[in-house]
Amino acid sequence: MNLDTSFPSPIGQINILENGIVHVDIQILELTKEALKGHYHLLETKFGSQKQNFILTFQPAYLKMDAATRRYNNDMMNYWSNSMCAVVESPLIRTFVNMYIKINTLTYRLKVCKSMEEAIQFIENN
């Protein structure tokens, strides 16, 4: 298992925090299935098949993706995630993220947080 502490991904930047949480800073506006395949292949290269705890941040503050990409991403997140927090500062975008969570079948603990500190605390305590 190759554990660099920071490396680029086709969807942004990945940072492994001191406590082992994987922080994915998504830096593209539109997620495509091709970009996600590259991202998840990178996770396999770095972590083998071991599930991880993730924190997601977004630059820009929201994402676009089509239905097929969303289904693929849900399946892959279910495969890779023990738990996940999405850090979303905007109340309006938090509402959309919470709707996304409710309409998708996810098999791991997931929380929408207002800050990195809240996200880290949730993962460490669950």
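Side-chain atoms are counted along with the backbone in the values below, which use heavy atoms only and exclude waters and symmetry mates. On a predicted model such as this, the values are computed, not experimentally measured, just so you know.
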*Asks:* Measure across Pro10 and Ala35 and return the closest heavy-atom pair with its distance rounded to 0.1 Å.
*Replies:* CB-O, 3.5 Å

*Asks:* With a cut-off of under 6.0 Å to the ring centre and 45° to the axis, is Lys51 in cation-pi contact with Tyr108?
*Replies:*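 No.
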
*Asks:* Would you say Gln121 has more than 12 foreign heavy atoms packed within less than 6.0 Å of its CD?
*Replies:*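 For Gln121, atom CD is not crowded (no more than 12 foreign heavy atoms under 6.0 Å).
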
*Asks:* Between Val88 and Leu56, is there shared hydrophobic-cluster membership here, with clusters defined by ILVMFWY side-chain heavy atoms closer than 4.5 Å?
*Replies:* yes

*Asks:* Run the side chain to side chain contact (heavy atoms under 4.5 Å, CB included) check on Asn78 and Leu106 step by step: do they pass?
*Replies:* CA-CA 6 Å; Asn78 283 333; Leu106 303 172; 3.8 Å; yes

*Asks:* Tell me, which pairs form a side-chain hydrogen bond (donor to acceptor under 3.5 Å, both in side chains) where one or both residues lie in residues 90-102, sequence neighbours left out?
*Replies:*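 Residue pairs with at least one partner in residues 90-102: Asn74-Tyr100.
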
*Asks:* So His23 and Ile14, side chain to side chain contact (heavy atoms under 4.5 Å, CB included) or not? Walk me through it.
*Replies:* CA-CA 6 Å; His23 170 219; Ile14 297 175; over 6 Å; no

*Asks:* Taking side chain as C-beta onward, heavy atoms only, is Ile26 less than 4.5 Å from Gln59?
*Replies:* no

*Asks:* For Glu118, enumerate each residue passing the side-chain contact (heavy atoms from CB on, under 4.5 Å) test, keeping only those at least two apart in sequence or located in another chain.
*Replies:*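 Testing Glu118 for side-chain contact (heavy atoms from CB on, under 4.5 Å), a comparison that skips the adjacent residues, returns Lys111, Cys113, Lys114, Ser115.
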
*Asks:* For Arg70 and Met65, indicate whether the former's side chain and the latter's backbone hold a donor-acceptor pair under 3.5 Å.
*Replies:*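 Checked: no pair found.
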
*Asks:* Does Trp80 reach the side chain of Leu43, with side-chain heavy atoms less than 4.5 Å apart?
*Replies:* yes

*Asks:* Whether the side chain of Asn53 engages the backbone of Ile123 through a donor-acceptor N/O pair (distance < 3.5 Å, no angle test) should be reported.
*Replies:*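 Checking the backbone N and O of Ile123 against the side chain of Asn53, no donor-acceptor pair under 3.5 Å is found.
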
*Asks:* Say whether Tyr79 and Leu36 are linked into one hydrophobic cluster, either directly or through other cluster members, by side-chain heavy-atom distances under 4.5 angstrom.
*Replies:* yes

*Asks:* Return yes if some donor-acceptor pair links the side-chain N/O of Ser81 with the main-chain N/O of Met77 below 3.5 Å, else return no.
*Replies:*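 Yes, the answer is positive, given that a donor and an acceptor are paired below the 3.5 Å cut-off.
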
*Asks:* Evaluate the side chain to side chain contact (heavy atoms under 4.5 Å, CB included) criterion for residues Leu29 and Lys64: first the C-alpha distance (whole Å), next the side-chain angles of each, then the deciding distance (0.1 Å), finally the verdict.
*Replies:* CA-CA 6 Å; Leu29 176 60; Lys64 296 181 196 177; 4.0 Å; yes

*Asks:* Can any side-chain N or O of Gln52 pair as donor or acceptor with the backbone N or O of Gln50 at less than 3.5 Å?
*Replies:* yes

*Asks:* Could you go step by step and tell me if Val24 and His39 meet the side chain to side chain contact (heavy atoms under 4.5 Å, CB included) rule?
*Replies:* CA-CA 10 Å; Val24 181; His39 171 73; 4.0 Å; yes

*Asks:* Any chance you could measure Phe54, atom CZ, to Cys85, atom SG, to the nearest 0.5 Å?
*Replies:* 12.0 Å

*Asks:* Can you pull the side-chain hydrogen bond (donor to acceptor under 3.5 Å, both in side chains) pairs that have at least one residue in residues 26-35, sequence neighbours excluded?
*Replies:*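 Checked against side-chain hydrogen bond (donor to acceptor under 3.5 Å, both in side chains) - neighbours excluded - the pairs reaching residues 26-35 are Asp25-Gln27.
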
*Asks:* For residues Met84 and Val87: do they belong to one hydrophobic cluster (side chain heavy atoms under 4.5 Å, members Ile, Leu, Val, Met, Phe, Trp, Tyr)?
*Replies:*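 The answer is no; the residues belong to distinct hydrophobic clusters.
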
*Asks:* When rounded to the nearest 0.5 angstrom, what is the spacing between CD1 in Ile16 and OG1 in Thr5?
*Replies:* 7.0 Å

*Asks:* How long is the gap from CG on Asn82 to OG1 on Thr107, to the nearest 0.5 Å?
*Replies:*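 If we round to the nearest 0.5 Å, Asn82:CG and Thr107:OG1 are 9.5 Å apart.
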
*Asks:* Is there a path from Ile11 to Leu110 through hydrophobic residues (I, L, V, M, F, W, Y) whose side chains come within less than 4.5 Å of each other?
*Replies:*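 Yes; tracing contacts between hydrophobic side chains, which count when under 4.5 Å, links both residues.
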
*Asks:* Tell me whether Phe122 is reachable from Val112 by hopping between hydrophobic residues (I, L, V, M, F, W, Y) whose side-chain heavy atoms are closer than 4.5 Å.
*Replies:* no

*Asks:* Does the side chain of Ile120 reach to within under 4.5 Å of the side chain of Ile55, using non-hydrogen atoms?
*Replies:* yes

*Asks:* Check the angle between the aromatic planes of Phe47 and Phe7 and answer parallel, tilted or perpendicular using the 30° and 60° thresholds.
*Replies:* tilted

*Asks:* Judged by modelled atom types alone, do Gln13 and Ser6 share a side-chain donor-acceptor pair under 3.5 Å?
*Replies:*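 Yes, side-chain donor-acceptor contact under 3.5 Å.
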
